Amino acid sequence: MRCPVVVMGVSGSGKSTVGAALARRLGVPFLDADTVHPPANIAKMAAGEPLDDDDRHPWLQRVGQWLAAHRGGGVASCSALKRSYRDQLRAHCPQLEFLHLGGSADVIGRRSANRAGHFMPVELLRSQQDTLEPLGGDESGVVVDVDQDVSAIVESFLASAKGAGLGP
């Protein structure tokens, strides 16, 4: 893959799992953007409060800097829920590609409920779904349904990206 990829979607969609698998498949570095959240963001989410744009700005700045440092290839998992967030990431790395993990609220809700030890409570899933702005027609990326196994998601993305002239 020539460009960095952001695996995006709501909490519980499988961004970290799919992102790590995609990075392994491509042989490139991986960043779980959850690991670069400022402590105040983690505390806020753990308390059941959704982040606002001011909270997300420095976090997205860190993710964007990582992407810029990996212009030759890398994968980051990052919710990137709004167009403006994706624009902030693209300001660091214009050739960015997105893999949007989409799925029904039921499927993602079950995944979130079964996830142990994550700071993001399942109660915030609704706010994330309400915030999510789908990829625009002018945004480089594809949507893949999460209701399949990880390897199928990765292969589906790679096939779609290649067909759209995005991938290897």
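The residues of the chain are indexed from 1 along the displayed sequence. If you're wondering where the values come from, they're calculated on a predicted model, not measured in any experiment. These numbers come from the heavy atoms of this one structure, side chains and all, not from hydrogens, waters or symmetry mates.
Across all their heavy atoms, C93 and R71 have their closest contact at CA-NH1, 3.8 Å. Listed here is the closest heavy atom pair of V36 and L31: CG1-CD1, 4.1 Å. The heavy-atom pair separating V5 from L96 by the smallest distance is N-CD1, 4.4 Å. The minimum heavy-atom distance between K15 and V10, with the atom names listed, is NZ-O, 3.0 Å. Annotation for A80 and L89: closest pair CB-CD1, 4.3 Å, computed over non-hydrogen atoms. When all heavy atoms of F30 and W66 are compared, the pair lying nearest together is C-CZ2, 3.9 Å.
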Test side chain to side chain contact (heavy atoms under 4.5 Å, CB included) on R90 and F98 and set out the steps.
CA-CA 11 Å; R90 273 191 294 269; F98 292 91; 3.1 Å; yes
Audit row: M8, L101, side chain to side chain contact (heavy atoms under 4.5 Å, CB included) steps and yes/no
CA-CA 6 Å; M8 63 169 281; L101 298 177; over 6 Å; no
Is there a side chain to side chain contact (heavy atoms under 4.5 Å, CB included) between H100 and L135? Walk through the geometry before answering.
CA-CA 8 Å; H100 175 186; L135 289 171; 4.1 Å; yes
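Atom OG1 in T17 sits 12.0 Å away from atom CG in D149 (nearest 0.5 Å). Between the CD atom in Q65 and the CG atom in L60 there is a gap of 11.0 Å [rounded to 0.5 Å]. The CG atom of D145 sits 9.0 Å away from the OG atom of S156 when rounded to the nearest 0.5 Å. Here the CD atom belonging to Q88 is positioned 9.5 Å from the CG atom belonging to D53, to the nearest 0.5 angstrom. The structure places NE2 of H57 at 14.0 Å from CG of L51, a figure rounded to the nearest 0.5 Å. Here the OG-OH distance, from S79 to Y85, works out to 8.0 Å after rounding to the nearest 0.5 Å.
Here P38 pairs with N41, W59, R62 under the side chain to side chain contact (heavy atoms under 4.5 Å, CB included) rule; sequence neighbours left out. In this view, E133 and K82, R83, R86 satisfy the side chain to side chain contact (heavy atoms under 4.5 Å, CB included) rule, not counting sequence neighbours. Qualifying side chain to side chain contact (heavy atoms under 4.5 Å, CB included) partners for D54, counting only residues two or more places apart in sequence or in other chains: D52.
Residues H92 and L67 fail the side-chain proximity criterion, which asks for heavy atoms closer than 4.5 Å.
Under the 3.5 Å distance criterion, the side-chain polar atoms of E155 are left unmatched by any main-chain donor or acceptor of A152.
With V75 as reference, L22 is the one residue of D32, L99, L22 to meet the side-chain contact (heavy atoms from CB on, under 4.5 Å) rule.
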